[in-house]
Structure formats: structure tokens, C-alpha cells
Participant: 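Take this structure, written in C-alpha cells, and hold onto it; I'll ask about it next.
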Amino acid sequence: MKKTAILGSIALTSLVHETIIHGGKKGIFLPIEDNPSIFFQQKEDGTKVISLDIEIKETPNSRYGSSHMVKASVGKANRERLRLDREQLAQATPILGNLRMIEYEAKDTGSGQDGQNQQGGDMPEEFDGGW
């Protein structure tokens, strides 16, 4: 059975960030106030969530073989709250990465777990659905 996956990566360093060392380990700090595409919300059940808004656009003529690009996105509420002009909005919505679609042969295991990596599947090495 043929299946499709979309592979790619997100360059977190495309966002406003600082490189840090915390507990002896290297990392990056993404300040919410300096990244309008990152926002904090509290759900009705009290769960706190920090999210990154993204926009995915098709790039059918990409010379690098990508099928889509990923950009940071700033929702209307944040644009209005922060009063971002066009230049500020362009700076707040960098391209974060590119994606490409791949097809692979998957063995039908009859388990109904679509998209999960099964032992003995013919999924390409570069796609590890078991993460």
C-alpha cells in the first residue's frame, strides 16, 4: 500500500532567539515578547500552552525539490494588538524551513494504526514515524 509523508525541518534560529547554557547544556531561548508568532494561552481546563503559529505554502517550482515552505505567521489579533506595520510583519514572519512529500510502500499490518512506524515496514530510513 502506498503512503505519503511530508518531511522537513524547522530552523528555530530563524526566530528571534538567544543561545544559552542551562544546567551545563546548550540550548536556545525564544522570547515570546520578541516573536509575535509565538503566543501563550491558557485553556479552559487550566492547561498552559505556548504555541508557534505557522503558515505552509506550496512551492511547486522549487529548485531544491521542496514541495512546501513553512513561515512563521502572526494572527490578526496579535497583529492588531502589537500594531505591526508591513515591515515589522515581514520581520516577524521569517521562512522557517521547507518540506517535501515522499511516497513509500507500507505493509498493511491490519492494525489500523495509520502513519505509525511498524516493525518490518518498508518506510524510508529518513522517515521515523515512531518518534
Side-chain angles (χ1 to χ4, degrees):
M1 166 175 31
K2 281 210 181 269
K3 292 200 173 194
T4 303
I6 299 177
L7 303 176
S9 62
I10 301 295
L12 297 176
T13 53
S14 293
L15 298 166
V16 175
H17 72 283
E18 290 182 34
T19 304
I20 63 170
I21 297 178
H22 178 75
K25 297 183 180 182
K26 294 179 187 174
I28 62 172
F29 170 69
L30 301 172
I32 295 170
E33 291 85 2
D34 295 337
N35 285 291
S37 57
I38 298 176
F39 64 95
F40 171 85
Q41 69 183 40
Q42 188 164 341
K43 294 183 178 181
E44 289 180 18
D45 67 0
T47 307
K48 296 176 183 177
V49 179
I50 298 175
S51 299
L52 170 65
D53 277 348
I54 61 170
E55 175 182 355
I56 299 175
K57 290 185 176 182
E58 286 188 69
T59 55
N61 299 321
S62 170
R63 60 181 163 172
Y64 303 109
S66 303
S67 59
H68 297 79
M69 82 169 172
V70 181
K71 287 182 63 169
S73 179
V74 178
K76 183 178 179 180
N78 258 358
R79 281 195 311 269
E80 290 174 355
R81 182 178 61 80
L82 298 170
R83 296 185 177 103
L84 298 177
D85 63 28
R86 283 187 184 266
E87 185 177 322
Q88 291 168 320
L89 185 59
Q91 289 176 346
T93 57
I95 294 174
L96 301 174
N98 294 292
L99 306 172
R100 64 186 170 87
M101 294 183 72
I102 63 164
E103 285 189 353
Y104 63 94
E105 274 303 315
K107 293 181 182 173
D108 186 7
T109 62
S111 68
Q113 295 181 348
D114 221 14
Q116 292 191 8
N117 193 5
Q118 302 291 324
Q119 288 287 344
D122 293 328
M123 196 175 294
E125 280 184 33
E126 63 187 328
F127 180 75
D128 180 5
W131 254 79

Participant: In the single-linkage hydrophobic clustering (I, L, V, M, F, W, Y; side-chain heavy atoms under 4.5 Å), do Ile95 and Leu12 co-cluster?
Facilitator: no
Participant: Please give me the minimum heavy-atom distance between Ser73 and Thr93, naming the atom from each residue.
Facilitator: CA-CG2, 4.1 Å
Participant: Hydrophobic clustering (ILVMFWY, side-chain heavy atoms < 4.5 Å, transitive) - are Leu89 and Ile32 grouped together?
Facilitator: no
Participant: Taking atom CZ of Arg100 and atom CD1 of Ile6, what is their separation to the nearest 0.5 Å?
Facilitator: 11.5 Å
Participant: With rounding to the nearest 0.5 angstrom, report the OG to CG distance, Ser67 to Asn98.
Facilitator: 9.0 Å
Participant: Do Ile10 and Ile38 share a hydrophobic cluster (ILVMFWY, side-chain heavy atoms under 4.5 Å, transitive)?
Facilitator: yes
Participant: Is there a donor-acceptor contact under 3.5 Å from the side chain of Ser66 to the main chain of His68?
Facilitator: no
Participant: Of all the heavy-atom pairs spanning Val74 and Pro36, show the shortest one and how long it is.
Facilitator: CG2-CB, 3.9 Å
Participant: Under the 3.5 angstrom rule, does the side chain of Gln91 hit a backbone N or O of Gln88 as a donor-acceptor pair?
Facilitator: no
Participant: Looking only at non-hydrogen atoms, find the nearest pair between Pro31 and His17 and report the distance.
Facilitator: CD-CA, 4.2 Å
Participant: How about NZ on Lys48, more than 12 heavy atoms from neighbouring residues, nucleotides or ligands closer than 6.0 Å, or not?
Facilitator: no
Participant: Count I, L, V, M, F, W, Y as connected when their side-chain heavy atoms are under 4.5 Å apart, and connections chain through other members. Are Val70 and Ile28 then in the same cluster?
Facilitator: yes
Participant: Please report the closest heavy-atom contact between Leu96 and Ser14, naming both atoms and the distance.
Facilitator: CD2-CB, 3.8 Å
Participant: Write out all pairs satisfying side chain to side chain donor-acceptor pair (under 3.5 Å) with one or both partners inside residues 31-47, taking only residues at least two apart or from two chains.
Facilitator: Asp45-Thr47
Participant: Side chains of Phe39 and Ile50: closer than 4.5 Å at any heavy-atom pair?
Facilitator: no
Participant: Using the test salt bridge (charged side-chain N to carboxylate O under 4.0 Å, His left out), find all partners of Glu55 that sit at least two apart in sequence or belong to another chain.
Facilitator: Lys57
Participant: Minimum heavy-atom separation for Leu99 to Gly8, with atom names?
Facilitator: CD2-CA, 3.7 Å
Participant: Verify the neighbour count for atom CZ of Phe40: are there more than 12 heavy atoms of other residues, nucleotides or ligands below 6.0 Å?
Facilitator: yes
Participant: Can you name the side-chain contact (heavy atoms from CB on, under 4.5 Å) partners of Thr4, sequence neighbours left out?
Facilitator: Met101, Glu103
Participant: Rounded to the nearest 0.5 Å, what separates atom OG in Ser62 from atom CE in Met69?
Facilitator: 10.5 Å
Participant: Main chain of Leu30, side chain of Glu18: is a donor-acceptor contact present, judged purely on distance under 3.5 Å?
Facilitator: no
